[in-house]
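Contents: one structure, followed by commentary.
Both backbone and side-chain heavy atoms feed into the values below; hydrogens, waters and symmetry mates do not.
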Amino acid sequence: MKATALFKELQQFCAANADDAIVKKYARYFKENYNAYGVASPQLSAKIKELSKRDGLNLELVFELAPLLMKSGKYEETTIALHLLDSLHKQFTKETFDVIASWFPLGIHNWAHADTLGMMILPRFVKKKLVTINDFKPWIKSKYKFQRRCVPVTIIKSLKESTDYSGFFKLIEPLMSDSEREVHQGAGWFLREAWKIRRAETEHFLLQYKDSAPRLIFQYACEKMTAEDKLRFKRAK
C-alpha cells in the first residue's frame, strides 16, 4: 500500500460522499473557517474502520500519508489521518509523539482536531509512560494555539490517577495569560474537571488568577459551582 495511491483513494471517497447540507449544519460550531466535504459521520467512520484493517497499514505509512491529507485543509482528510494514527496506538513510541508535534503547522487548525489529539491520542502516550507531563512544556510555548490548547485537554485524563495536582497547575500557569480564546476554553475545561476531584487545591490556584486571567477561563472553570461559590472568583473592580 502506497501513501500516494491511498491519498487519491481517500480524496475520491470524500468527494463522492460530499454533502453541502452537512457542511452548513456543522459550520456554525467553528469560529474559524470550516473547510469540509460534508461526509456523514457513519460513512467516514466505516471508511476509517475498513482502512485500519488493511494489510500494510503501519506508522510509517501514516506518517507519509498524513501530510498529504492535511495540506488540503479539508476537515475529513485530517480526521482520517488522526483516526488512522490512533488505530495504531499499540505501535506508539516517543518518536511518534515528536511526529505529532510537527503536524500543527500542517493541519491541526481547529478545536475539534486538537481535542481528538488531547482526549484520545495524546493521553495514550502518558498512560504508556512514553512521555511525562514535562514533555509538554515546549508545547505551552508553541506559536500554534491549538498545540497549546492540547496540553490542558490532554492532562484531564490524568486527573483521576494523581493525588497531587501541583505539577499540572505549574505546567498550565503560562496559559492563564494566553491571548487566544481556544486556549482559554481548554484551560478552563481542565480546571473545571480538576475542581470536581480536588476542589480546595483547584480553588487555591484559581484565586491567584481571578483578577488577571481571561474571564472565559473562569466561565468554564466555575461552570459547576453554585452561584455563591462563583462569587468568590468574580474579578475585583
May I ask you to say whether [X] pairs ionically with [Y], meaning some side-chain N is under 4.0 Å from a carboxylate O?
| X | Y | result |
| --- | --- | --- |
| E9 | K47 | yes |
| E223 | K230 | no |
| R149 | D115 | yes |
| D98 | K94 | yes |
| R198 | D164 | no |
| R199 | E193 | no |

Please test N17 against Q43 for side chain to side chain donor-acceptor pair (under 3.5 Å), starting from the C-alpha separation and ending with a verdict. CA-CA 8 Å; N17 291 280; Q43 291 174 297; 2.7 Å; yes

Could you go through E77 and L10, starting from their C-alpha distance and side-chain angles, then the distance that decides it, and tell me whether this counts as side chain to side chain contact (heavy atoms under 4.5 Å, CB included)? CA-CA 8 Å; E77 292 183 24; L10 289 170; 6.0 Å; no

With distance as the sole test, does S162 use its side chain to make a donor-acceptor pair with the main-chain N or O of Y165 at under 3.5 Å? no

Output yes when a side-chain donor or acceptor of S45 lies under 3.5 Å from a complementary backbone atom of P42, and no otherwise.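 No, because the side chain of S45 does not come within donor-acceptor range (under 3.5 Å) of the backbone of P42.
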
Check: W111/Q185 side-chain N/O donor and acceptor closer than 3.5 Å: no

Please assess D86 against H89 for the test side chain to side chain donor-acceptor pair (under 3.5 Å), listing each intermediate value before the final yes or no. CA-CA 5 Å; D86 190 62; H89 64 87; 5.8 Å; no

T78 and L69: CA distance, side-chain angles, deciding distance, side chain to side chain contact (heavy atoms under 4.5 Å, CB included) verdict: CA-CA 6 Å; T78 297; L69 290 169; 5.8 Å; no

In one Ile/Leu/Val/Met/Phe/Trp/Tyr side-chain cluster, 4.5 Å: W189, L216: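 Shared cluster, no.
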
Check whether the ring centres of Y75 and Y34 lie less than 6.0 Å apart, and answer yes or no. yes

Ring centroid separation Y209 to F205 under 6.0 Å: yes

Can you name the closest pair of heavy atoms from [X] and [Y] and give their distance?
| X | Y | value |
| --- | --- | --- |
| R235 | A213 | NH2-O, 2.5 Å |
| A194 | L159 | N-CD1, 3.6 Å |
| S87 | L57 | OG-CD2, 4.0 Å |

Look up atom NE2 in H204 and atom OG in S166, then write down how far apart they are to the nearest 0.5 Å.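 It is 10.5 Å, given to the nearest 0.5 Å.
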
Check the pair F169, E201 against side chain to side chain contact (heavy atoms under 4.5 Å, CB included), reporting the backbone distance first and the verdict last. CA-CA 10 Å; F169 294 142; E201 195 173 348; 3.8 Å; yes

Stacked cation flag K74 on Y37, 6.0 angstrom / 45 deg: yes

Please state whether the rings of W139 and F104 are parallel, tilted or perpendicular, taking 30° and 60° as the class boundaries. perpendicular

